[in-house]
> 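Let me give you the structure first, and then I'll get to my questions.
Index from 1, following the sequence.
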Amino acid sequence: MCITGMGWTTALGDDLDEVWKQLTDGRVGIREPAGDARPPAALLTDDGPAGPPSERQIALAVTTATAALRDAGCPAGDVDTLVLGSSLGPHLDDAAEISPHALTSAVAEQLGVPGSVSVSTACSSGADALAAGAALLTGGEAERCLCGGIDLLTEAKLLGHRALGTLAASGTVRPFDTDRDGTLFGEGAGFLLLETRAAATARGARILGELRGWGASNDGTGPTAPDESGAGAVLAVRRALAQGGADTQDIAVINAHGTGTRANDTAEAACYATVFGPGSRALVFATKPALGHTLGATGALEAIALLLALRHGTVPPLPHTRTVMPELALALPTDGPREFTGSLGISLTLGFGGFNTCLLLSADEPRSTVGGAA
């Protein structure tokens, strides 16, 4: 499936190239809230409309989705379906108890997109929205799907993760570090326009890349903790590779889930050891140290980051990771941005409830010098 447009809103901004440059420069959007007892987080600078959380979420989704459509040069009316993923959105914080699908429908209506689909699979929601949109295109149900994820930091989410003990006491996210101690939240939204190649060609669209394959699985281990053997994640990765007709040696780069929690990083490292084995050239990076863990938006934001990495031939550093856990044999950019060769990569998300989703992406555009790449 062709990717013809992208848009994101992050704690580092909303311009694709500028945010990418900040990431490759090692900038982070996680900050201490002013005059607040909350833990550090990657909060958006624009709070949006004053009102209930649902109104802010709808406004953020419309703004970010519009940016993706503008990037694609495609009117909203030419899109068949909006597929939006969220980790329950503000469902637990809004007095009106608006369902996630009601929010998605409201976004679609404001955009002028006739159809809408909601996805809520915890931290895999954004990635699963892309997989669901691709399935609609593959099945002939649509020619164009606007797919993405969104989440805002609300009191219910913060209290829930505090109770689970997943937040980093150190104030930093350190994926795959031997001293990692947890994750920190972020807010954001990301959207990508998926089109069949015939539809993209017919309108003369600029093709940024391709969603070549997608795979999903469920651990069934428990409501929050992953299967630390990584078996479920292995299945998701292998399914994505098989659907895309790719082998492990074809993968140049991996955008890891990289939460910095003990259990998740253990499961993810075990997955890569099983799938790729020793001697793999695949380079691993992660964006949560800079953008925070954006929950339902994570999969969409990380798909965009992966495609930008493939287009520019470089990955951003992990600014806080110092001593890499021995279970991870693949290379990590701990000392600065790192260049690579190859045009195929995967993005892996591991969500609460055992949801594992892998996206296989390829780049179509020539590399540029944005972000310091060669």
> Without swapping roles, check the side chain of Glu327 against the backbone of Ala269 for a donor-acceptor pair under 3.5 Å.
no

> Give me the atom names and distance for the closest heavy-atom approach of Thr349 to Ser124.
OG1-OG, 3.2 Å

> Is there a donor-acceptor contact under 3.5 Å from the side chain of Arg27 to the main chain of Thr24?
no

> Would one find more than 12 heavy atoms of other residues, nucleotides or ligands at under 6.0 Å from atom CD of Gln249?
yes

> Under the rule for ring pair (Phe, Tyr, Trp, His ring centres under 6.0 Å), what residues qualify as partners of Phe276, not counting sequence neighbours?
none

> For the backbone of Ser86 and the side chain of Ser120, can you confirm whether one donor and one acceptor N or O come within less than 3.5 Å of each other?
yes

> Would the distance check show the side chain of Thr64 and the main-chain N or O of Ala61 forming a donor-acceptor pair, the cut-off being under 3.5 Å?
no

> Without swapping roles, check the side chain of Asp151 against the backbone of Ser87 for a donor-acceptor pair under 3.5 Å.
yes

> Heavy-atom distance under 4.5 Å between the side chains of Gln243 and Leu360, does that happen here?
no

> Using every non-hydrogen atom in the two residues, find where Leu318 and Ala286 come nearest and quote the distance to one decimal.
CD1-N, 3.8 Å

> What residue among Leu146, Leu69, Leu301, Val83 forms side-chain contact (heavy atoms from CB on, under 4.5 Å) with Phe191?
Leu146

> Which pair of heavy atoms, one from Ala142 and one from Thr196, lies closest together, and at what distance?
O-CG2, 4.2 Å

> Shared ILVMFWY cluster between Leu291 and Val28, side chains joined below 4.5 angstrom?
no

> Is any side-chain heavy atom of Pro326 less than 4.5 Å from a side-chain heavy atom of Thr178?
yes

> Side chains of Glu268 and Phe176: does their closest heavy-atom pair fall under 4.5 Å?
yes

> Between Asn356 and Ser217, do the side chains contain an N or O donor and an N or O acceptor separated by less than 3.5 Å?
yes

> Looking only at heavy atoms, which two atoms of Pro333 and Pro316 are closest? And how far apart?
CG-O, 3.2 Å

> Hydrophobic cluster membership, with links at side-chain heavy-atom distances under 4.5 Å among I/L/V/M/F/W/Y: are Val234 and Leu330 in one?
yes

> Counting C-beta onward and ignoring hydrogens, is there a side-chain heavy-atom pair between Asp80 and Glu141 closer than 4.5 Å?
no

> Under a 4.5 Å cut-off applied to non-hydrogen side-chain atoms, are Arg311 and Leu208 in contact?
yes

> Report yes if some heavy atom in the side chain of Leu130 is under 4.5 Å from a heavy atom in the side chain of Trp214; otherwise report no.
no

> Give me the atom names and distance for the closest heavy-atom approach of Pro337 to Thr314.
CB-OG1, 4.0 Å

> Taking NZ, NE, NH1 and NH2 as the nitrogens, is one of them in Arg174 or Asp181 under 4.0 Å from a carboxylate oxygen of the other?
yes

> Between the side chain of Arg212 and the main-chain N/O of Gly244, is any donor-acceptor distance below 3.5 Å?
yes

> Got a sec, which pairs hit ring pair (Phe, Tyr, Trp, His ring centres under 6.0 Å) with one end in residues 235-255, sequence neighbours left out?
none

> Fit a plane to each ring of His293 and His257, take the angle between them on a 0 to 90° scale, and name the class: parallel (under 30°), tilted (30 to 60°) or perpendicular (over 60°).
perpendicular

> Judged by atom type as modelled, is there a donor-acceptor pair below 3.5 Å linking the side chain of Arg262 to the main-chain atoms of Arg180?
yes

> Check whether any side-chain heavy atom of Arg238 lies under 4.5 Å from a side-chain heavy atom of Thr274, and answer yes or no.
yes

> Hey, could you give me the CG/CG distance between Asn264 and Leu350, rounded to the nearest 0.5 Å?
5.5 Å

> Ion pair present between Arg56 and Glu187, side-chain N to carboxylate O less than 4.0 angstrom?
yes

> Could you check whether any side-chain N or O of Arg281 sits under 3.5 Å from a backbone N or O of Thr341, counting only pairs where one atom can act as donor and the other as acceptor?
yes

> Under a 3.5 Å threshold, yes or no: a donor from one side chain and an acceptor from the other, between Thr104 and Ser116?
no

> Shortest non-hydrogen contact from Gly190 to Ala300?
O-CB, 3.4 Å

> Measure the spacing between CD of Gln57 and CG of Leu84 and express it to the nearest 0.5 Å.
7.0 Å

> List the residues meeting side chain to side chain contact (heavy atoms under 4.5 Å, CB included) with Ala135, not counting sequence neighbours, and say none if there are none.
none

> Do any N or O atoms from the side chain of Asn255 and from the backbone of Glu302 form a donor-acceptor pair under 3.5 angstrom?
yes

